[in-house]
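See below for the structure under consideration.
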2 protein chains.
Amino acid sequence: MSSLRDVAERAQVAVSTVSAALNGTRPVAAATKERIEQAAAELGYRPNVLARGLVSKRTRILALLFPAPRSGFGLTEMQFATGAAEAASERGYHLLLSPENADPIEELRHLTGLGLVDGVLLMEVRLDDERTRWLAEAGFPFSMIGRTREPGSIDYADIDFARMAGDAVAHLAGLGHRALAFFNHSTDGYSAQYGPAIRAGEEFEAAAREAGLGYVGDFRADSAEQGRQAFERLVAEHPEVTALAVMNDHAAVGVIAAVAEHGWQIPRDLTLMLVLSSARVAEMFHPRLTTLEPPSAELGRLGAGMLIDRLTGDGDGPPRQRLVACRLVTGDSSAPPPVDRTERRDNSAAPPVDRTGGRR
Amino acid sequence: MSSLRDVAERAQVAVSTVSAALNGTRPVAAATKERIEQAAAELGYRPNVLARGLVSKRTRILALLFPAPRSGFGLTEMQFATGAAEAASERGYHLLLSPENADPIEELRHLTGLGLVDGVLLMEVRLDDERTRWLAEAGFPFSMIGRTREPGSIDYADIDFARMAGDAVAHLAGLGHRALAFFNHSTDGYSAQYGPAIRAGEEFEAAAREAGLGYVGDFRADSAEQGRQAFERLVAEHPEVTALAVMNDHAAVGVIAAVAEHGWQIPRDLTLMLVLSSARVAEMFHPRLTTLEPPSAELGRLGAGMLIDRLTGDGDGPPRQRLVACRLVTGDSSAPPPVDRTERRDNSAAPPVDRTGGRR
DNA sequence: GAAGCTTGTCGAAACGTTTCGCAAAGCTAA
DNA sequence: TTAGCTTTGCGAAACGTTTCGACAAGCTTC
């Protein structure tokens with residue numbers, strides 16, 4: 001690989017002049033500059049990132065800290081990475097994929113001590129997250145995909161949960177539903193600190209109240225079996241509910257099975273929609289489910305983008321904080337509520353051709 | 001951040017001695033070594049990757065070149081990245097996620113010219129892949145996830161398609177099926193060079209023949225609509241087929257819908273299985289589909305691992321080439337063939353409770 | 001007790017950049 | 001004409017490592 005010195009020799013100038021010409025850090029006479037650029041092109045010169053980083057203290061490398069894939073780690077989370085990598089690439093940066101081991105703080109200490117990365121991108125941020133505290137204290141540049149309970153002046157890109165809930169409720173209310181239920185993630189273990197679950201729950205309740213709709217929000221389901229049970233309880237305790245939004249893909253599987261066992265059909269007897277699931281997942285179901293698709297790649301892009309902004313621009317400008325709307329993808333699982341469900345319930349032995357979801 | 005010099009001062013030795021002691025590249029007296037290690041620990045010393053890489057020409061960074069997410073880019077492909085990142089991390093390496101732009105060769109030229117990465121990990125390798133040619137010619141270390149038609153001495157980790165097909169056929173034959181069909185990806189566009197589609201097709205045919213089973217392999221489907229049409233044709237042209245393996249998730253959606261429209265049930269009237277789809281996807285279906293889950297994360301791990309082996313060990317040892325089996329995840333969609341399908345076909349207005357897949 | 005090893009440590013060079021003080025011009029203004 | 005300024009380019013230092021020849025001391029061996 002040719003170096004700055006090779007270019008300097010070929011262009012008959014000093015090394016420092018080449019550096020200045022190529023980076024534009026100092027004025028260089030037009031003629032000289034052209035000569036240098038030609039020499040560089042002829043040699044196929046590429047600046048060595050390591051040498052540059054060593055002296056300038058800036059490597060143009062970002063690290064995305066990603067947690068060990070828990071079960072339930074899906075396409076959505078992965079798109080943070082691809083979105084961030086693309087945004088970084090477009091701006092001349094690189095993205096390091098850094099798996100988080102058992103001790104995230106030790107991992108951070110290691111990563112930042114390497115001198116390899118200019119900034120860190122955090123995902124799967126919990127409402128109370130020790131990583132943000134450590135990074136802030138260490139004064140290391142970072143941004144979040146998601147956010148803590150009190151983001152303060154930390155940069156972040158997150159889902160606009162209020163708007164998402166508003167859109168969902170508007171969609172259902174627009175179809176004529178008067179009472180809806182929301183199956184959230186379970187509150188135990190990881191989810192206790194899981195921002196999306198908590199924020200979605202709160203916002204759904206608020207949106208339903210504002211729209212003057214009946215609302216059942218205290219059901220949880222993270223698996224098919226839990227989804228099934230939750231549905232059974234829902235039907236027993238809240239027969240007025242005609243529309244259901246589910247957070248967890250697996251729970252939806254259970255709900256759908258239970259609905260069928262009841263002799264009900266979707267969407268004739270129940271409107272079912274996913275929340276924060278990608279359209280690719282939603283269309284695996286039958287009928288194709290309506291979903292509010294999270295803007296995952298966009299969040300990744302934004303997270304990386306604002307981190308680069310912070311790195312290249314003023315280090316202590318105002319916080320960059322963005323909330324992004326979800327996309328409502330209407331499937332075949334949304335419909336007006338049944339006029340009289342008890343009547344329909346008896347009607348369950350419909351011709352099989354009807355069972356495919358109706359709208360296709 | 002403390003440097004080697006700080007450690008040297010604190011331990012009262014020369015810089016080079018510290019380097020030797022910490023890396024073990026030269027013998028250092030036990031007492032001195034201990035003193036140095038303590039000083040390093042007290043200062044929280046971390047070697048600067050950039051400086052080290054600059055002189056040693058080894059950065060311990062790998063790049064995973066990942067293509068722009070085409071549609072159909074799923075969990076499976078993403079797990080290559082996480083697997084590779086984990087394997088790298090365990091061995092003290094880092095993984096750079098490098099999005100491939102319109103011109104892969106230019107991208108490679110850029111990436112390798114940076115001096116930033118020691119080796120490149122290729123995924124989505126086509127049967128005839130210009131990237132492998134360029135890298136081989138440039139003499140730049142790399143390995144493949146997947147493989148070209150003639151891998152020669154290039155390192156790779158790929159799916160064991162022969163075994164996969166054998167397992168699938170054995171599973172179906174074991175249930176008593178005598179004739180099966182395989183819906184492959186379509187042959188146009190990208191898939192024309194898509195190794196998994198071609199190899200799976202070939203191996204399926206071979207395995208079916210070897211098992212003495214009837215086989216229909218010339219159907220293609222990449223979408224729900226195509227799946228539906230392919231199924232209709234299959235039923236019309238090959239009524240003897242009782243088991244169907246499908247490559248594409250979306251095609252499976254269409255097949256299931258068409259099956260229902262026929263008044264058939266899975267698995268009572270037809271055994272349906274996925275091929276090379278993750279279990280997470282398979283269990284979104286209803287009934288839960290049997291699948292041959294690709295060992296994606298494992299392939300990522302292996303790909304990174306063999307690249308690191310190559311980098312640290314002998315550069316021109318024998319090729320490291322690994323084929324990994326898929327995991328058969330039995331769902332609720334596999335069952336013995338119907339005794340007499342015409343009889344069952346009339347029986348389609350079964351009580352709704354039966355429609356959930358039976359085995360749950 | 002000198003020659004020859006071995007062991008342990010040092011110092012300096014090198015890697016390829018960026019940065020910055022400095023100087024040689026050429027120009028302007030008095 | 002000369003002092004002062006601007007423009008342009010140079011050279012050296014620095015970044016934090018690794019690598020390697022040199023060398024001092026201690027040991028063996030005859």
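Below, chains carry the letters A, B, ... as their sequence lines are ordered, and counting in each starts from 1. Just so it is clear, the values below take in all heavy atoms, side chains as well, and ignore hydrogens, waters and symmetry mates.
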- If you pin B/A51 and B/A14 to their nearest nucleotides in DNA chain C, which one's is more 5'? B/A14

- Message: Please report the end-to-end axis angle for the helix from C/dG1-D/dC30 to C/dA30-D/dT1, five pairs per end, rounded to 10 degrees.
- Response: 50°

- Message: Is there a side-chain contact between B/I61 and B/Y93 in this structure, where contact means two heavy atoms from C-beta onward sitting under 4.5 Å apart?
- Response: no

- Item | side chain to side chain donor-acceptor pair (under 3.5 Å) contacts in which one or both residues fall within residues 146-155 of chain A, not counting sequence neighbours | A/R147-A/D158, A/D155-A/R310

- Item | With B/R52 via salt bridge (Lys or Arg N to Asp or Glu O under 4.0 Å) - residues at least two apart | none

- Message: Here's a test of your reading of the structure: between B/V13 and B/S56, which maps to the more 5' nucleotide of DNA chain C?
- Response: B/V13

- Could you list the residues that satisfy side chain to side chain contact (heavy atoms under 4.5 Å, CB included) with A/V13, not counting sequence neighbours? A/A11, A/T17, A/V18, A/T32, A/R35, A/I36

- Pick the nucleotide of DNA chain D nearest each of A/V55 and B/N23; which residue has the one closer to the 5' end? A/V55

- Side chains of B/L97 and A/L97 in contact at under 4.5 Å (non-hydrogen atoms): yes

- Query: Taking only residues two or more places apart in sequence or in another chain, which ones pass salt bridge (Lys or Arg N to Asp or Glu O under 4.0 Å) with B/E34?
  - Reply: none

- Sub-4.5 Å side-chain heavy-atom contact between B/I154 and B/P319: no

- Item | Residues forming a side chain to side chain contact (heavy atoms under 4.5 Å, CB included) with A/A20, sequence neighbours excluded | A/T25, A/R26, A/V28

- Message: Suppose we screen for salt bridge (Lys or Arg N to Asp or Glu O under 4.0 Å). Which residues come up paired with B/R109, at least two apart in sequence or across chains?
- Response: B/E106

- Task: Starting from the C-alpha separation in whole Å, work towards a yes-or-no answer on side chain to side chain contact (heavy atoms under 4.5 Å, CB included) for A/L22 and A/Y45.
- Result: CA-CA 11 Å; A/L22 261 28; A/Y45 167 75; 3.8 Å; yes

- Heavy-atom contacts under 4.0 Å between residues 2-11 of chain A and DNA chain D, which residues? none

- Message: Within residues 27-49 of chain B, which residues have any heavy atom lying less than 4.0 Å from an atom of DNA chain D?
- Response: B/Y45, B/R46, B/P47, B/N48

- Outermost DNA chain D nucleotides near chain B [under 4.0 Å, heavy atoms]: D/dG16 to D/dA22

- Item | Derivation of the side chain to side chain contact (heavy atoms under 4.5 Å, CB included) call for B/E90 and B/R301 | CA-CA 10 Å; B/E90 284 164 13; B/R301 299 189 71 87; 2.7 Å; yes

- Task: Kindly state each residue pair satisfying side chain to side chain donor-acceptor pair (under 3.5 Å) with at least one member in residues 130-145 of chain B, sequence neighbours excluded.
- Result: B/E100-B/R131, B/D128-B/R133, B/D129-B/R131

- By salt bridge (Lys or Arg N to Asp or Glu O under 4.0 Å), which residues pair with B/R322, not counting sequence neighbours? none

